[in-house]
Amino acid sequence: QVQLVESGGGLVQTGGSLRLSCAASGRTFDLYAMGWFRQAPGKERDFIATINSGGSRTSYADPVKGRSTISRDNVKNAVYLQMNSLKPEDTAVYYCAAVNYNGPILRTRPSDYDYWGQGTQVTVSS
């Protein structure tokens, strides 16, 4: 089992940047695929980015592609989401998620993940 704690959210102006962090507990972090999702009020939880267990493969949702980078540090048991050129429509609660999977398929659906953090609020002002 793994516990996830996000940090790094906040209020930022349009065009600004944020780096979200997700700290994971447990000694087998390098066996988990990790993902970032976001949920705006009244909307479904949407996929943002995923990274495989070894950190060699990533995938991004179209709305953030080219503006965001997911990375991980398997020594520090952490995953990160660097977000640049932020827009008001990026405003949401951002969640990191984990699934015990080290295969080749990149997981992009919320139902693919078993563990979730509590979320961190990102607000982009216009």
Side-chain angles (χ1 to χ4, degrees):
Q1 196 165 2
V2 64
Q3 293 183 325
L4 305 172
V5 179
E6 301 97 334
S7 61
L11 175 64
V12 63
Q13 291 184 335
T14 296
S17 298
L18 281 176
R19 188 192 194 210
L20 306 182
S21 299
C22 175
S25 65
R27 291 177 288 180
T28 59
F29 179 71
D30 58 350
L31 297 181
Y32 285 78
M34 301 297 295
W36 283 97
F37 294 78
R38 68 186 180 189
Q39 189 166 19
K43 296 188 176 181
E44 295 184 349
R45 190 166 297 189
D46 291 330
F47 166 73
I48 295 299
T50 185
I51 188 166
N52 69 334
S53 59
S56 61
R57 300 181 65 220
T58 59
S59 179
Y60 299 89
D62 286 344
V64 304
K65 196 172 294 184
R67 302 189 292 124
S68 298
T69 303
I70 188 172
S71 60
R72 66 188 295 160
D73 186 331
N74 285 350
V75 174
K76 295 182 177 179
N77 281 15
V79 63
Y80 308 99
L81 183 68
Q82 176 70 41
M83 302 180 64
N84 303 319
S85 302
L86 284 162
K87 307 173 183 180
E89 50 264 44
D90 294 317
T91 296
V93 177
Y94 283 70
Y95 298 90
C96 76
V99 57
N100 191 338
Y101 175 77
N102 61 352
I105 300 173
L106 293 171
R107 303 292 185 172
T108 62
R109 300 173 303 178
S111 60
D112 291 333
Y113 291 83
D114 298 318
Y115 304 100
W116 293 84
Q118 82 290 348
T120 185
Q121 175 72 46
V122 172
T123 302
V124 184
S125 63
S126 57

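Position 1 is the first residue of the sequence, and the numbers go up from there.
- Within a 6.0 Å radius of CD in E44, other residues, nucleotides and ligands contribute 12 heavy atoms or fewer.
- Under the 4.5 Å side-chain criterion, counting only non-hydrogen atoms from C-beta, R45 is in contact with W116.
- In this structure, I48 CD1 and F37 CZ are separated by 9.0 Å, a value rounded to the nearest 0.5 Å.
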Q: May I have the step-by-step check of salt bridge (Lys or Arg N to Asp or Glu O under 4.0 Å) for D62 and K65, ending in yes or no?
A: CA-CA 5 Å; D62 286 344; K65 196 172 294 184; 3.1 Å; yes
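- Hydrophobic clustering, with ILVMFWY side chains joined whenever heavy atoms are under 4.5 angstrom apart, keeps L81 apart from F47.
- Of the inter-residue distances, the one linking T120 atom OG1 with W36 atom CH2 reads 7.5 Å to the nearest 0.5 angstrom.
- Note that the CD1 atom of I105 and the OG atom of S59 stand 12.5 Å from one another [nearest 0.5 Å].
- Criterion: ILVMFWY side-chain heavy atoms under 4.5 Å apart, direct or through other members. Under it, V99 and V2 are not part of a common hydrophobic cluster.
- K87 has its side chain out of reach of P63: every pair of non-hydrogen atoms, C-beta onward, lies at least 4.5 Å apart.
- One finds the CG atom of L18 at 8.0 Å from the CD atom of Q82 (value rounded to the nearest 0.5 Å).
- Between the T58 side chain and the T50 main chain, no donor and acceptor come within less than 3.5 Å of each other.
- For the pair R19 and Y80, the cation-pi criterion (under 6.0 Å, within 45° of the ring axis) is fulfilled.
- With hydrogens and angles disregarded, a donor-acceptor distance shorter than 3.5 Å links the side chain of E6 to the backbone of Q118.
- By the rule that hydrophobic residues join a cluster once side-chain heavy atoms approach within less than 4.5 Å of another member, Y95 and L106 end up as members of separate clusters.
- One distance of note links SG of C96 with CD1 of I51; it measures 12.5 Å at 0.5 Å rounding.
- Within the 3.5 Å criterion, the main-chain N or O of V124 finds a donor-acceptor partner in the side chain of T91.
- Annotation for S125 and L11: closest pair CB-CD1, 4.2 Å, computed over non-hydrogen atoms.
- There is no side-chain donor-acceptor pair under 3.5 Å between Y115 and S25.
- Here the shortest heavy-atom pairing between A92 and Q121 reads O-NE2, 3.4 Å.
- The shortest distance between side-chain heavy atoms of R38 and V64 falls below 4.5 Å.
- In terms of heavy-atom proximity, N84 sits nearest to S17 at OD1-OG, 3.0 Å.
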Q: Please report the C-alpha distance between N52 and S56 in whole Å, then the side-chain angles of each, then the deciding distance to 0.1 Å, and finally whether the side chain to side chain donor-acceptor pair (under 3.5 Å) criterion is met.
A: CA-CA 7 Å; N52 69 334; S56 61; 3.1 Å; yes
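- Y94 and Y113 are not part of a single hydrophobic cluster, where members link through side-chain heavy atoms under 4.5 Å apart.
- Atom CG of D30 sits about 11.5 Å away from atom CG of D73, to the nearest 0.5 Å.
- Within 6.0 Å of CD in Q3 there are 12 or fewer heavy atoms belonging to other residues, nucleotides or ligands.
- Judged purely by atom type and a 3.5 angstrom limit, S53 has no side-chain atom pairing as donor or acceptor with the backbone of A33.
- Proximity of M34 to L4: side-chain heavy atoms (C-beta onward) are separated by under 4.5 Å at one or more points.
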